[in-house]
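For reference, the structure discussed in these notes is given below.
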Amino acid sequence: MQINPIDYVLVVDDSASMVKIVSNIIAKLGYKNIDTASCGAEALQKIRQTSYKLILSDWNMEPMTGLEFLQNVRKTPNAPTASDVKFMLITAESKPENIIAAKQAGVSGYVVKPFTADTLKAKIEAL
Amino acid sequence: MTDLDKETYSAAEVRVIIEAHKKEEAVLKQHLAQLAHHIEQEQKKPHDQAPAPVPSAAPDMSIAIQEVKEVERHVKKSIDKVIARAEKIEKLLGNFVFAGKDTLVGEIIKIYEDCNVQDLTSQRVKRVLELLGDEETLKKKKSATTSGGVELEHGPQLPENAMSQEDIDKMLSSL
């Protein structure tokens with residue numbers, strides 16, 4: 001499933017700076033409908049209302065981590081995007097155990113920080 | 001002429017002089033005793049009123065914690081300013097069409113990429129604060145341990161320990 005520029009994208013990070021950085025980069029990559037959330041709970045609320053095709057989330061968030069948010073997205077009943085949404089973690093966590101846990105939780109892509117726009121573009125296009 | 005300048009004294013005069021000298025000697029002895037006591041007290045004073053010992057070489061953790069937090073605050077503030085300026089340039093560019101605009105936009109994207117440093121710094125600072133025993137940071141960590149994945153939060157790795165994006169891609173595709 002390819003992500004189209006008009007598909008809804010949700011950027012989740014508890015760092016306002018990172019939300020801006022990721023949002024501005026993907027906007028420059030051509031994505032038009034970008035929404036943001038500052039925590040997992042707010043993001044879960046939003047995915048119940050909007051059919052996002054792609055979620056870009058940090059791992060290191062409080063109080064709900066990105067991994068727990070991913071687990072919740074995958075098990076959220078009746079959520080319009082729960083089954084087919086692509087979920088990409090953008091994180092500084094780069095240990096094998098993180099990759100394994102993310103994969104087990106149903107991650108679609110994994111981008112390690114610091115990242116470039118080219119890397120992000122390539123990973124989104126490869127989903 | 002005083003009595004002491006006389007060449008001859010009567011017995012009575014000698015007794016008076018001796019008595020007078022004895023009194024002077026007693027007063028002098030008393031003064032000497034007082035002076036000795038005073039010197040003794042003064043000698044003791046430097047020990048009693050000695051300044052606090054010079055602090056040991058051990059660092060003051062509370063100062064270190066404050067300094068590290070200040071570093072984080074400054075980095076965040078600066079990066080926020082950089083982002084705001086990049087956004088302003090983007091806005092000013094608007095719908096202008098001119099030669100070299102793509103290059104300029106490319107440079108703006110690179111500014112955003114470079115701002116990744118804020119998040120990485122923040123995570124590294126958090127780890128340092130934990131190591132320094134900052135109560136506020138440790139309290140936050142403790143309250144967050146119920147969330148899944150907290151035990152896997154290691155933060156950014158040192159270059160020699162970090163997996164590259166390529167390694168991660170290979171591992172993901174092999175799982």
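Remember, predicted model here, so these are calculated numbers, not experimental data. To find a chain, count down the sequence lines: A is the first, B the second, and so on, and within it residues start at 1.
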Contact part of B/Q118 toward chain A, heavy-atom cut-off under 4.5 Å: side chain, backbone, both or neither?
side chain
Between B/R127 and B/Q123, is there a donor-acceptor pair closer than 3.5 Å when you use the side chain of the first and the backbone of the second?
no
What parts of residues 72-86 of chain B touch chain A if we use heavy atoms and a cut-off under 4.5 Å?
B/K76, B/D80, B/I83
Heavy-atom contact with chain B under 4.5 Å, split by part of A/S15:
side chain
What are the two closest non-hydrogen atoms of A/F69 and A/S57, and how far apart are they?
CD2-OG, 3.6 Å
So, B/K69 and B/D134, do they make that salt bridge, N to O below 4.0 Å?
yes
Any B/Y112 side-chain heavy atom under 4.5 Å of B/E90 side chain:
yes
Let's test your reading of the structure: which of A/T119, A/V111, A/L120, A/L70 forms the most heavy-atom pairs below 4.5 Å with chain B?
A/V111
Got a salt bridge between B/E136 and B/K140, using NZ or NE/NH1/NH2 to carboxylate O under 4.0 Å?
no
Where do A/E93 and A/V112 come nearest, in terms of heavy atoms and distance?
O-CG2, 4.4 Å
Pair B/K126 + A/E62: basic N to acidic O under 4.0 Å:
yes
Common cluster, A/V19/A/Y8, ILVMFWY with side-chain heavy-atom separation under 4.5 Å
no
For a side chain to side chain donor-acceptor pair (under 3.5 Å) with A/Y52, tell me which candidate from A/D35, A/D84, A/D7 qualifies.
A/D35
Is A/K123 close to B/Q165 at the side-chain level, that is, under 4.5 Å between some pair of heavy atoms?
yes
Answer with side chain, backbone, both or neither: which region of B/E153 has an atom nearer than 4.5 Å to a non-hydrogen atom of chain A?
both
Toward chain A: residues of residues 166-175 of chain B with heavy atoms under 4.5 Å
B/I168, B/D169, B/M171, B/L172, B/L175
For chain A, which candidate among B/C115, B/G155, B/A162, B/P156 shows the most heavy-atom pairs at distances under 4.5 Å?
B/G155
Looking at chain B, which one of A/T91, A/L29, A/I25, A/D58 has the largest number of heavy-atom pairs inside 4.5 Å, strictly under?
A/I25
Could you tell me which non-hydrogen atom of B/H154 sits nearest to which non-hydrogen atom of A/N98, and how far apart they are?
CD2-OD1, 3.5 Å
Report yes if the side chains of B/I89 and B/I108 come closer than 4.5 Å at any heavy-atom pair, otherwise no.
yes
Is it the side chain or the backbone of B/K110 that comes within 4.5 Å of chain A heavy atoms, both, or neither?
neither
Is A/K20 salt-bridged to B/D119, cutoff N-O under 4.0 Å?
no
